[in-house]
There are 2 protein chains.
Amino acid sequence: MRDVAERAGVSPKTVSNVLTGSAQVREPTRLRVEQAMRELDFVPNLSARGLRNGRSGVIGLAQPDLRAAFSASMTHAVVEAAHARGLVVQVEETAAEPAREHDLVTRARTHLIDGMILNPVRLQDSVVEHLDHLPPIVLIGEVEQHRTDRVFINSRSAAREAVQHLIARGARRIVALGGAEHGAGLDKATQGQRLRGYLAGLAEAQLPARPELQVEVPEWTIAGGAAGMREVLERGVEFDAVLAFTDSIALGAMHELRSWGGRLPEDVLVCGFDDVEHASFAGTPLTTIAFDHQAYANAALDLLTSRMRDRGLPPRAQEIPYELLARASTQGPPAGFSGKNSPI
Amino acid sequence: MRDVAERAGVSPKTVSNVLTGSAQVREPTRLRVEQAMRELDFVPNLSARGLRNGRSGVIGLAQPDLRAAFSASMTHAVVEAAHARGLVVQVEETAAEPAREHDLVTRARTHLIDGMILNPVRLQDSVVEHLDHLPPIVLIGEVEQHRTDRVFINSRSAAREAVQHLIARGARRIVALGGAEHGAGLDKATQGQRLRGYLAGLAEAQLPARPELQVEVPEWTIAGGAAGMREVLERGVEFDAVLAFTDSIALGAMHELRSWGGRLPEDVLVCGFDDVEHASFAGTPLTTIAFDHQAYANAALDLLTSRMRDRGLPPRAQEIPYELLARASTQGPPAGFSGKNSPI
DNA sequence: ATGAAAGCGCTAACAG
DNA sequence: CTGTTAGCGCTTTCAT
């Protein structure tokens with residue numbers, strides 16, 4: 001920067017002013033400086049700026065599994081939203097090792113970022129414990145605490161609505177694919193809310209909650225969904241609908257159902273969550289809970305940047321509206337299906 | 001850090017030594033320092049370290065569209081590979097605005113990263129021009145220049161093999177979904193190679209290359225694939241196979257074909273590229289060109305880190321092997337199909 | 001509107 | 001094995 005200043009016949013401070021626009025610089029001076037920057041192919045050193053300013057212009061985005069379609073959509077939306085605000089995004093993945101989610105918020109690296117958007121699998125408490133020593137954090141997903149900023153859709157109500165929809169289309173024995181009461185089901189963030197909504201929906205319709213129709217899916221991917229569906233089918237119980245906790249899970253389930261000879265939606269109705277791109281392009285277009293991913297990301301960034309400006313703000317929660325999108329996969333009534341009646 | 005040093009009764013340098021492990025520190029001293037760090041909840045400032053060392057520990061990963069399934073898979077693999085090497089990943093998206101790809105390599109922000117993995121859409125030259133003033137770059141995909149490090153699969157040969165496979169299964173009129181000779185087809189990186197392979201495969205079998213069976217797909221997404229397929233169908237020409245340039249394109253094409261009444265694979269064979277997760281879970285499991293995404297990412301990171309260590313290395317290219325995975329979508333022979341004979 | 005000086009937190013070089 | 005000194009490149013006082 002000194003070189004640029006010398007070449008333009010000004011002081012380093014003036015170059016800095018030109019760069020940041022923080023102070024007015026007279027037109028001719030500015031042009032000279034810009035000229036010099038170009039000639040020397042100067043680019044400011046962001047580490048130095050970060051050191052001086054205490055801000056790096058980088059935010060972190062941590063998600064369980066980057067391969068999942070919803071994560072990909074979210075990453076895209078966050079990168080766009082960040083770009084619009086002059087920020088860049090550093091991505092992290094928490095599912096690979098159980099300790100990573102915890103590490104992430106505690107570890108040193110944290111301090112190259114100005115803030116963080118975290119989609120927690122289960123950990124909520126240990127994040128919150130350390131809150132004072134951490135950069136600003138926005139939680140995305142349905143978290144049961146009120147000490148950090150968060151963006152969410154009302155998953156519980158959405159799941160209940162999905163169950164109502166399935167029942168209205170003739171379903172009576174609905175599989176919950178993604179969480180079970182027995183097991184860690186209710187403890188986990190998003191999973192817990194969707195499971196609660198499922199149970200509430202059944203209760204309202206005075207249908208029993210059957211443990212044999214609930215199954216956990218450790219990995220919320222297509223393969224995970226297929227494996228979960230297989231587990232249910234191998235139990236040999238009858239069911240006539242599936243509420244999958246994400247669209248990826250739903251796609252895996254539909255594949256597995258078909259390979260056991262199930263017809264969709266004639267035998268089984270399927271509903272997903274998130275409305276990712278391939279939901280509408282599936283063999284049987286998938287009914288799902290849709291919401292605006294970009295609006296979700298924008299809200300997260302607004303919360304984050306406002307907190308970066310003022311850490312003293314009270315914790316805020318912003319709800320994003322959702323909508324049940326009925327497609328072919330829930331065109332009932334379903335005849336019902338079980339693993340037993342099929343040859344595989 | 002000075003506070004930690006004081007509390008532990010040592011000099012800042014010793015704290016630094018404990019942190020980096022760069023010099024031996026006696027056990028009791030180290031323990032005292034670690035104790036002090038814990039008590040003060042000390043985390044090193046990475047901007048300062050970056051400023052001092054000239055390295056930030058961050059690498060950039062730039063891809064055209066983060067929503068695409070292949071990008072998501074690649075992001076996952078790169079994050080894993082980076083993590084294993086003590087690096088973190090900053091993601092960028094180049095497709096949203098045409099200028100971004102160019103900006104990215106020229107712009108200021110570049111200088112917070114130690115290196116960059118770039119999946120170029122078309123730009124190869126302007127990257128290479130500025131090579132001296134840029135951080136180390138590894139190109140992924142099939143780029144026609146030999147001045148940067150790159151990782152690639154032999155897309156040309158893979159596309160040729162796919163065409164041979166389709167022909168062996170009885171196809172004669174194969175649609176190229178993703179690139180056309182007329183238009184920018186051959187100029188673009190990956191697209192050009194796949195198109196060339198397609199043409200070579202046809203030529204070998206002494207089949208004519210029909211322009212009406214080639215179509216560009218600006219967005220390599222499911223929706224883009226569907227739109228491209230619709231364009232061909234609206235032309236009303238007959239065809240009996242589709243070579244889609246990515247699996248996402250293939251999924252969109254299959255959806256569109258079905259909605260026009262086409263049966264897969266009875267009427268039309270379909271082959272994709274990349275073997276993303278949902279290829280094998282599609283309604284009709286998709287034949288595709290498969291390769292090890294993690295090996296691909298590992299290779300990219302090995303090239304990048306070795307160049308970060310020594311910028312004087314000659315440019316290297318590393319080829320990753322691929323394999324044609326024949327699934328149900330190319331179970332021939334196909335009867336043939338055209339937009340005309342269907343009611344939509 | 002521009003300049004001079006100081007310092008953000010860390011580590012390389014050297015000395016002891 | 002540990003301490004001292006200096007400076008990475010930038011921006012923020014405070015002067016002019």
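All of these numbers come straight from a predicted model, not from anything done at the bench. Per chain, numbering begins at 1; letters A, B, ... match sequence-line order.
- Checking B/R316 against B/S306 by side-chain atom types alone, a donor-acceptor pair falls below 3.5 Å.
- Note on B/R7 versus B/E39: salt bridge recorded, some NZ/NE/NH1/NH2 to OD/OE distance being below 4.0 Å.
- Residue B/T14 has a polar side-chain atom (N or O) positioned under 4.0 Å from OP1 or OP2 of D/dG3.
- Classified by interplanar angle (parallel below 30°, tilted 30° to 60°, perpendicular above 60°), the ring pair B/H293/B/F70 is perpendicular.
- Rounded to an integer number of Å, the gap from B/E6 CD to D/dT2 P is 18 Å.
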**OP:** Evaluate side-chain hydrogen bond (donor to acceptor under 3.5 Å, both in side chains) for A/T246 paired with A/D274, printing each intermediate quantity in order.
**Re:** CA-CA 6 Å; A/T246 72; A/D274 297 339; 5.2 Å; no
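- B/T75 and B/Q63 share a side-chain donor-acceptor pair at under 3.5 Å.
- A donor-acceptor pair under 3.5 Å links the side-chain atoms of A/S71 to the main chain of A/D65, judged by distance alone.
- Distances shorter than 4.0 Å separate none of the side-chain N or O atoms of B/S47 from OP1 or OP2 on C/dC8.
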Original post:
Reading nucleotides 10-16 of chain D from the 5' end, what letters show protein touch, with B for base, S for backbone sugar-phosphate only, - for no heavy atom under 4.0 Å?
Top reply: BBB----
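- Between the CZ atom of B/R55 and the P atom of D/dC8 there is a distance of 19 Å, given to the nearest Å.
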